Amino acid sequence: MLSEFDLIRRYFTGRQRARATLGIGDDCALLTPAPGRQLAISTDMLVEDRHFFAGEDPRRLGHKSLAVNLSDLAAMGATPRAFTLALALPHADAAWLEAFAAGLFALADAHDCELIGGDTTKGPLTICISVFGELAPGTALRRAAAEVGDDIYISGTLGDARLALAGYRGELALSPADLADAAARMHLPTPRVALGQALAGLAHAALDISDGLVGDLGHILQASQVGATLDVDALPAGPVLARQPQALRRQFTAAGGDDYELCFTAAPAARAAIAAAAASSATPVTRVGRIEAAPGLRWTDASGAALALELAGFDHFR
Ligand code: ADP
Ligand code: MG
């Protein structure tokens with residue numbers, strides 16, 4: 001039987017190049033930001049049966065637990081540095097831990113992000129990660145920074161995770177290949193870290209879309225005290241969702257959830273610079289609407305005609 005300390009040593013210690021001033025093993029880790037840089041800090045928790053199904057593949061879970069946190073750093077324009085991992089496990093299962101750590105460290109290493117500490121306890125499966133990133137003071141992409149006249153952009157595609165959920169629930173008949181395509185986006189989201197860094201100091205407001213575009217863009221509108229008009233048919237959909245009926249495509253792209261794409265605003269004068277940021281980070285971005293002075297969110301279709309859409313984001317307590 002693995003002790004708590006064996007478990008930490010075996011699966012979480014010494015697997016990466018040390019970069020922090022002091023990593024795992026003492027009462028605290030020590031992290032020294034580069035001179036003149038600011039720390040960006042975020043925490044996200046994943047709870048079994050709430051954020052993922054019981055029996056979820058541990059390798060994918062290791063990836064996703066860190067991915068949702070890196071996505072928050074990306075949305076702020078920060079460069080990942082380090083993270084901590086608090087883990088509640090029902091039991092110490094060696095095969096599960098090995099696979100979880102493999103998924104976790106593959107993504108961590110891809111972003112040069114070092115595990116510097118954490119906590120381990122017995123309990124219902126819960127994964128809580130805090131990430132630490134760096135950015136130049138004054139360049140953070142704040143939710144309150146949208147300006148009237150800004151363009152609104154989305155990275156990548158929206159609605160794939162919601163499409164996979166519909167497939168799993170049997171709300172929709174998807175071919176095995178189509179379900180696998182959508183499910184990959186649900187289980188292995190891509191945090192848009194390189195794009196976020198390229199947008200720091202260039203874009204105005206940004207956030208990552210975790211609870212559906214409608215709800216999350218609402219946070220920008222509220223914080224910035226502005227409104228917006230979006231072209232629902234401009235919302236980028238992946239190939240499988242693009243083949244679905246229009247009403248479903250609109251619903252899932254606008255209010256799907258679990259997308260982990262960036263929504264950001266920028267001045268129309270910055271269009272060429274935004275295109276260059278998208279190209280340099282190899283991340284597609286799509287312009288989908290405009291920030292306006294009148295509060296609230298309005299919709300048009302592809303022809304520009306006003307559209308009344310009843311869409312709502314996801315709320316854990318509703
Ligand atoms: P404490 O008694 O201060 O809570 P612990 O005994 O829980 O410390 O942890 C010992 C060391 O191992 C600490 O440096 C802690 O950050 C690290 N640690 C514990 N659990 C994990 C984990 N799941 N991943 C990485 N580091 C961990
Ligand atoms: Mg502890």
Side-chain angles (χ1 to χ4, degrees), residues 40 42-45 50-51 68-69 71-77 140-163 165 186 189 191-192 195-196 199 203-237 241 247-268 274 285-302 304-318:
S42 183
T43 298
D44 251 316
M45 181 155 61
R50 185 78 224 172
H51 302 94
V68 301
N69 278 279
S71 181
D72 283 316
L73 289 184
M76 212 67 182
L141 303 169
R142 309 258 330 263
R143 293 180 181 196
E147 291 178 20
V148 172
D150 274 1
D151 294 320
I152 303 171
Y153 296 86
I154 305 290
S155 69
T157 60
L158 299 174
D160 299 304
R162 181 64 184 83
L163 185 67
L165 190 62
M186 169 191 254
R192 301 299 190 181
L195 175 65
L199 294 176
H204 290 158
L207 47 57
D208 66 320
I209 305 167
S210 53
D211 297 331
L213 172 61
V214 175
D216 285 331
L217 175 60
H219 299 314
I220 288 182
L221 301 185
Q222 197 167 29
S224 302
Q225 297 187 286
V226 293
T229 295
L230 292 180
D231 173 357
V232 70
D233 294 320
L235 299 181
L241 185 52
L248 189 133
R249 193 197 69 225
R250 286 175 170 177
Q251 171 70 32
F252 285 9
T253 51
D258 242 11
D259 295 303
Y260 301 104
E261 294 294 353
L262 298 186
C263 172
F264 60 96
T265 82
I274 296 294
V285 307
T286 307
R287 190 154 47 85
V288 298
R290 167 159 303 138
I291 297 291
E292 296 162 343
L297 182 55
R298 292 160 291 278
W299 295 96
T300 67
D301 63 15
L307 208 62
L309 283 183
E310 273 306 319
L311 302 161
F314 182 77
D315 179 335
H316 280 284
F317 293 101
R318 198 151 53 196

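Throughout, numbering of the chain's residues begins at 1 and tracks the sequence. Note that the coordinates shown come from a computational prediction; the quantities given were computed from them, not determined experimentally.
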Note to self: Between Asp259 and Gly159 (side chain of the first, backbone of the second, donor and acceptor by atom type, cut-off under 3.5 Å), is there such a pair?
What the structure shows: yes
dist Cys263:SG -> Leu207:CG (nearest 0.5 Å) comes out at 5.5 Å
Side-chain touch Val226/Pro295, heavy atoms, less than 4.5 angstrom: no
(request) Would you indicate whether the side-chain heavy atoms of Thr253 and Leu241 approach each other to under 4.5 Å? (result) yes
Under the criterion side-chain contact (heavy atoms from CB on, under 4.5 Å), I'd like the reasoning laid out for Met76 against Leu141: C-alpha separation, chi angles, the key distance, then a yes or no. CA-CA 5 Å; Met76 212 67 182; Leu141 303 169; 5.6 Å; no
Under a plain distance cut-off of 3.5 Å, with no hydrogens placed, do Glu261 and Thr157 share a side-chain donor-acceptor pair? no
For this session: Taking the side chain as every heavy atom from C-beta outward, state whether Arg250 and Leu235 have any atom pair closer than 4.5 Å.
Result: no
Would a distance-only check, ignoring hydrogens and angles, find a side-chain to backbone donor-acceptor pair under 3.5 Å from Asp216 to Asp211?
yes
With heavy-atom distances below 4.5 Å as the criterion, would you say the side chains of Tyr153 and Val288 are in contact? no
One should read off an interatomic distance between Tyr260 OH and Leu158 CG, to the nearest 0.5 angstrom, of 13.0 Å
Of all heavy-atom pairs linking Val148 and Glu292, the shortest is CG2-C, 4.0 Å
- Task: Show your working on side-chain contact (heavy atoms from CB on, under 4.5 Å) between Thr300 and Thr229 and close with a plain yes or no.
- Result: CA-CA 7 Å; Thr300 67; Thr229 295; 3.7 Å; yes
- Does the Ser224 side chain pair with the main chain of Leu221, one donor and one acceptor, at a distance under 3.5 Å? no
Problem - Stepwise side-chain contact (heavy atoms from CB on, under 4.5 Å) check, Leu195 with Phe264 - result: CA-CA 11 Å; Leu195 175 65; Phe264 60 96; 4.3 Å; yes
Q) Side chain of Asp208, backbone of Ala75: donor and acceptor closer than 3.5 Å? A) no
The reported gap from OG in Ser210 to NE2 in His51 (rounded to nearest 0.5 angstrom) is 9.0 Å
Original post:
Sub-3.5 Å donor-acceptor pair from the side chain of Thr286 to the main-chain atoms of Pro236, do we have one?
Top reply: no
Taken to the nearest 0.5 Å, the spacing of Leu297 CG from Ile220 CD1 works out to 11.5 Å
message: Checking Thr265 against Glu147 for the side chain to side chain donor-acceptor pair (under 3.5 Å) test, could you report, in this order, the C-alpha distance in whole Å, the side-chain angles of both residues, the deciding distance, and whether it holds?
response: CA-CA 8 Å; Thr265 82; Glu147 291 178 20; over 6 Å; no
Between Asp151 and Arg290, does any NZ, NE, NH1 or NH2 come within less than 4.0 Å of an OD or OE carboxylate oxygen? yes
Salt bridge or not between Asp231 and Arg287? Use side-chain N to carboxylate O under 4.0 Å. no
Query raised in the report: Hey, is CZ on Arg298 packed in by over 12 heavy atoms from elsewhere, all under 6.0 Å?
Result: yes
Under 4.0 Å between a side-chain nitrogen and a carboxylate oxygen: does that hold for Asp258 and Arg162? no
